[in-house]
2 protein chains.
Amino acid sequence: MPTNDNSVNIQNSAERYHHGDLRSALVEEGLKRLESGPAEALSLREVARNVGVSATAVYRHFPDKAALLRALTEVGGERIAEYFKAAMAKERTGKDAFNAMGRAYVRFALANPALFRLMMSPAVRGGATGEPDSQGMQMLVGALNDLSGGKMSSEEKYIRRLQSWSVVHGLAMLMLDGLVPHDDKLIDQVLESRIV
Amino acid sequence: MPTNDNSVNIQNSAERYHHGDLRSALVEEGLKRLESGPAEALSLREVARNVGVSATAVYRHFPDKAALLRALTEVGGERIAEYFKAAMAKERTGKDAFNAMGRAYVRFALANPALFRLMMSPAVRGGATGEPDSQGMQMLVGALNDLSGGKMSSEEKYIRRLQSWSVVHGLAMLMLDGLVPHDDKLIDQVLESRIV
DNA sequence: TTGGCATGTTATCAGCGTAAACATAGTCGG
DNA sequence: CCGACTATGTTTACGCTGATAACATGCCAA
């Protein structure tokens with residue numbers, strides 16, 4: 001028998017008084033619910049119910065609903081970073097890399113609508129102004145900086161960065177909100193030709 | 001005494017059983033509440049309370065909460081159209097006109113955050129895909145079409161239109177979500193230099 | 001072994017959207 | 001002028017929600 005088995009003992013967790021790893025289970029269930037509806041339609045009670053635990057058990061792991069949602073956005077940050085990594089792995093040059101990142105950004109948004117919205121929502125990000133410091137955002141900013149040529153002032157770079165982020169973010173939101181049809185080819189076309 | 005006085009008889013409407021023009025009052029109060037918080041934080045009961053009417057009176061004028069919100073977006077459509085008209089009145093050439101419209105778009109969003117979000121939210125627009133057919137959107141589309149030169153195919157025009165809308169919409173959302181500081185000069189800079 | 005602490009539960013509260021039944025009053029045909 | 005119809009209000013009630021307080025359980029360390 002191994003001495004360092006730190007995995008949680010499962011054995012039909014539904015019947016045990018203590019769940020074992022309730023926090024993770026709540027996060028996982030929360031993510032699952034975000035796949036079938038917006039964050040506003042996510043109720044703590046439903047999450048608890050689906051995990052098989054009382055409604056108020058959630059409060060042993062999260063001070064309130066916003067805290068659970070914040071935990072979900074952290075997972076979202078990790079996931080979009082994976083999208084970016086995969087996109088960057090193929091394209092290496094500045095322009096191609098940024099285009100790949102842009103596609104990844106929009107596709108992530110379309111693949112995870114509720115989660116993406118949640119990640120961007122100010123209520124859950126604490127209302128603090130400034131770019132999120134997640135790994136994914138840092139990658140995006142890096143790609144944007146690589147993209148802009150060396151002869152620009154730092155202010156010019158900043159404006160370029162904002163322009164690029166705006167196109168990508170705007171396209172993602174417009175598609176998410178059903179104002180523009182979801183169409184992979186369209187994403188490429190909008191992000192490709194670089195004159196606006 | 002005039003014979004054709006079709007104005008509502010006011011006289012201390014709080015004490016009369018019938019309100020007189022409850023529907024308008026509800027819409028007005030709804031708009032006021034949107035000035036101090038997001039649409040998700042707007043409750044029918046609170047609106048009714050502030051208007052001085054019972055909670056369920058709302059249902060004589062709107063089948064459900066979404067219907068009231070939809071009425072608010074209609075007012076929003078009229079208001080953004082006014083922004084656009086004012087912007088277009090000054091600048092007439094294609095490029096300047098579009099820049100002016102873009103500034104108006106972003107400024108409207110920043111001046112009416114909750115209302116703007118509501119107007120874009122798919123839940124309230126019935127979930128139908130396609131551009132909203134409000135007067136404001138038609139003006140925006142018109143300006144975008146004017147902007148693109150005559151030598152483009154209609155598909156190219158469409159892509160250009162999407163790109164322009166994406167920058168403007170993206171910048172608005174990023175500022176609204178607190179990811180980019182609210183700064184009038186920044187708006188001009190991002191919308192001005194046309195190479196992305 | 002035992003006592004404390006982390007982690008569950010039950011009971012309860014106020015607020016929400018909404019439906020059903022009832023009340024009031026303005027309008028229109030006789 | 002009067003009575004019924006209809007539009008528009010109210011009261012009551014239901015089930016859902018987020019959240020707090022008090023109580024129960026069981027793991028772990030002294």
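The chains referred to below are lettered A, B, ... by the order of the sequence lines, with proteins before strands, and numbering in each begins at 1. Excluded from the calculations below are hydrogen atoms, water molecules and symmetry mates; all remaining heavy atoms, backbone and side chain alike, are included.
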message = Tell me every residue that passes ring-ring contact (aromatic ring centres under 6.0 Å, His included) with B/F108, counting only those two or more places apart in sequence or in another chain.
response =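 Partners of B/F108 under the ring-ring contact (aromatic ring centres under 6.0 Å, His included) test: B/Y83.
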Qualifying salt bridge (charged side-chain N to carboxylate O under 4.0 Å, His left out) pairs, either residue in [range], two or more places apart:
{"range": "residues 72-86 of chain A", "value": "none"}
{"range": "residues 99-111 of chain A", "value": "A/R103-A/D188, A/R107-A/D184"}
{"range": "residues 36-60 of chain B", "value": "B/R33-B/E46"}

query = Under the side-chain hydrogen bond (donor to acceptor under 3.5 Å, both in side chains) test, which residues partner A/N50, sequence neighbours left out?
reply = A/E29
Residues touching DNA chain C, which here means a heavy atom under 4.0 Å, drawn from residues 63-70 of chain B = B/D64, B/K65
key: Contact list for DNA chain C against residues 22-46 of chain B - heavy-atom distance below 4.0 Å   =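 The stretch gives B/L42, B/S43, B/L44, B/R45 as the residues lying under 4.0 Å from the strand, ordered by number.
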Any N/O pairs under 3.5 Å between the protein and nucleotides 4-6 of chain C? List them or say none.
none

Counterpart residues, side chain to side chain contact (heavy atoms under 4.5 Å, CB included), relative to [X] (two or more places apart):
{"X": "A/A67", "result": "A/F62, A/P63, A/D64, A/R70"}
{"X": "B/A39", "result": "B/L34, B/L118"}
{"X": "B/S54", "result": "B/T56, B/A57"}

query = Tell me, which pairs form a ring pair (Phe, Tyr, Trp, His ring centres under 6.0 Å) where one or both residues lie in residues 33-54 of chain B, sequence neighbours left out?
reply =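 Of all non-adjacent pairs touching residues 33-54 of chain B, none passes ring pair (Phe, Tyr, Trp, His ring centres under 6.0 Å).
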